Amino acid sequence: MKREGKIQVWKDYQKEIADDHYFYVRSCIRQNFFPGSEQTFLRILRSELGKDIYENPHHTTCSGIGYHSDVVPFDTIQTIVARQFALMTEAGYKNLAVSCITSFGIYGEIIETWKEFPDELEKIRNYLKKATGREFEIPQNVAHASDIVYKFREDIANKQKFPLINQQTGKPLKIVEHIGCHYSKMFPDKGVGGAEFPNVLVGMIESWGGEVVDYPERRHCCGFGFRQYLVMSNRGYSVSNSRKKFESMEPYKPDAILCNCPGCPMFMDRWQYVIEEMEGKTYGESGQGIPVLTYEELAGLVLGYDPWDLGLQMHQTNCEPLLDKMGIQYDASLKYAGKDGKLIGKPMMVGCGDLEM
Amino acid sequence: MELYLELSKDIRFAEGLKSCMNCGICTAICPAAEFYDYGPRIIAGIVQSKDEKRIEELLKSETIWYCGECMSCKTRCPRGNTPGLIIMALRSLSQELGFFTESEKGRQQLAIKRTVGENVVYKGYCVLPESLIPELHPELGPVGEWIYENSEEVYKRVGANYKGDGEGALRKIPQESLDEIYRIFEITGGFDRFDKIEHFSKIKAETMGFSEGEDDYSDYVNHIFTTNNGKHNRQYFHSHAKL
């Protein structure tokens, strides 16, 4: 194939990501489980990269978990999303930066719906005007927060203090990456690399010195399944799907799992603990579990941020094996401290097994 | 009421079902089909047949509640269908008509409405730290329990603005913004959906022997949140199919 033809083919797998002036919308799940990641994202963008990113305190949930567990109707979520766009329009921004993958998928679904069904767009404009008096423009660029970190991965690499190299062996750390289903399975052209070659996390890992591990169930869902986790009696679905992934990745001995979705890192972190409790099986080469990180946590470690500023103490599966391999110094006595070092007690047990801190 | 016609009015249905040749790729990729006695191929086949009786059976069935809406089927369908979107249309209609209370899995909608649904309207979040009660979330482990018991300090430590004014993670959503979300629910049918879930659930709760009590059928909510008859997954289905 001629070079021009190849360039044309691969265009479908590339994505335009705005390079500055973002309107930030947060994730419900991440605020609960990984608030340090959102904080780190803003810190990297503002302090390391000198970017303008604005958050309006009046923005709310997109209601996506309610929509995908079918208690929130489509018209309702469309109008809530339209309200977020109105806040962005009023603030003078055109580039949306989305923390959540569920939201990111919903923004994509709704914008595509409006393109295909213009009457629907008019209906929602009327709903929003009637309910709030607001008007909105559709964003010019919608990027997931991981797209933005991907875009600036080399800038981060240029500032790195701890590359993804095992300091004991000198070899690249082996990282398994897990892309949230709603990142590009629904609308492949909205993700870096599409659904077939999602490169958003691969790019980060390779730029920061690590090695990406391929394994058979790499693209399998983590098992959130919305209602399949939300309702207690359905959670067998959730843990079973994560377990399928752990079993599949185990022979490749990954040093860490990297995620770009809010729920996936929480589930893959906690289900390792649950599987240990249920079956006595502990994953990970050293029997301490496989650390599960968000991309901001990993970027923060590479940049030399304090692991407890990043929020690694909020994980059940310990991240210390990874910190040790990267050669990162940390004060274990401050892991479970509150603000300003205040002692607030420790969890009864940490890690996957019986490893007492 | 013609059920197929009602489904056709849902944009998700129009987008989700173009023309299914029943190849089964969706079932092959489906995480729900691995765990539950479930097949998106069968669902697409039934709705495409326009057989009103079978569609009504679907709307009252367990099977439409097995999908996890991961939308892995969207990527793989060679005909551009999305069984996950068909499911969303079926679930909406099932709630509209009250059929969801006919299945154990469908009845769970009340528990979701009373947790996630009400959080959205009254708090501006789908989930909040105070809803992660350790007894209801044992999977969050001892670290989850530690976070729950020390939430203000833990969240402060990582830079969140828990219950605070202004921007930041877990900030208190200003009342005027919650008022706007409330009006959006009023105008767009959000509260109609909530009311239908409540209405049909209460009728079902009474027929199952639960009473309103002092706390609005909370025994029924606990029941639907925790009950699993053990007959949903593939393992059960295949072991009994051999008998």
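What you are looking at is a predicted structure, and each value in this text was computed from that prediction instead of being measured. A note on names: the letters A, B, ... follow the listed sequences, proteins ahead of strands, and every chain is numbered from 1.
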So, for [X] and [Y], which heavy atoms are closest and what is the spacing to 0.1 Å?
X        : Y       : answer
A:Tyr237 : B:Tyr66 : CE1-O, 3.9 Å
B:Arg193 : A:Val71 : CG-O, 3.2 Å
B:Val120 : A:Ser63 : CG1-CB, 3.7 Å

Can you tell me how far [atom2] of [Y] sits from [atom1] of [X], rounded to the nearest 0.5 angstrom?
X        : Y        : atom1 : atom2 : result
A:Gln31  : B:Asn161 : CD    : CG    : 10.0 Å
B:Asn222 : A:Met232 : CG    : CE    : 10.0 Å
A:Arg219 : B:Ser72  : CZ    : OG    : 11.5 Å
A:Arg270 : B:His137 : CZ    : NE2   : 11.5 Å

Quiz item: Should the pair A:Tyr336 and B:Trp146 be assigned to parallel (<30°), tilted (30 to 60°) or perpendicular (>60°) ring geometry?
Solution: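 A:Tyr336 vs B:Trp146 ring planes: perpendicular.
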Exercise. Heavy atoms only, distances under 4.5 angstrom: which of A:Arg43, A:Gln313, A:Gln228, A:Gln39 has the most pairs with chain B? Name it, please.
Key: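 Looking at each of A:Arg43, A:Gln313, A:Gln228, A:Gln39 in turn, A:Gln228 comes out on top.
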Quiz item: With the threshold set at 4.0 Å, does a side-chain nitrogen-carboxylate oxygen contact exist between A:Lys346 and B:Glu149?
Solution: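 Looking at A:Lys346 and B:Glu149, the cut-off is not met.
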Self-check item: Residues B:Arg157, A:Asp309: salt bridge by 4.0 Å N-O rule
Solution: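 The answer is yes: the pair qualifies as a salt bridge.
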Self-check item: Side chain, backbone, both or neither of A:Lys244 within contact of chain B (heavy atoms, under 4.5 Å)
Solution: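 Contact with chain B is through the side chain of A:Lys244 alone.
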Quiz item: When heavy-atom pairs shorter than 4.5 Å are enumerated against chain A, which of B:Glu176, B:Glu145, B:Glu186, B:Lys196 gives the highest number?
Solution: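 Looking at each of B:Glu176, B:Glu145, B:Glu186, B:Lys196 in turn, B:Glu176 comes out on top.
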Quiz item: Above 12 or not: heavy atoms from other molecules or residues under 6.0 Å from CG of B:Asn229?
Solution: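 Count over threshold, so yes.
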Quiz item: Cut-off 3.5 Å, side chains only: do B:Gln108 and A:Ser233 have a donor facing an acceptor?
Solution: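 Yes.
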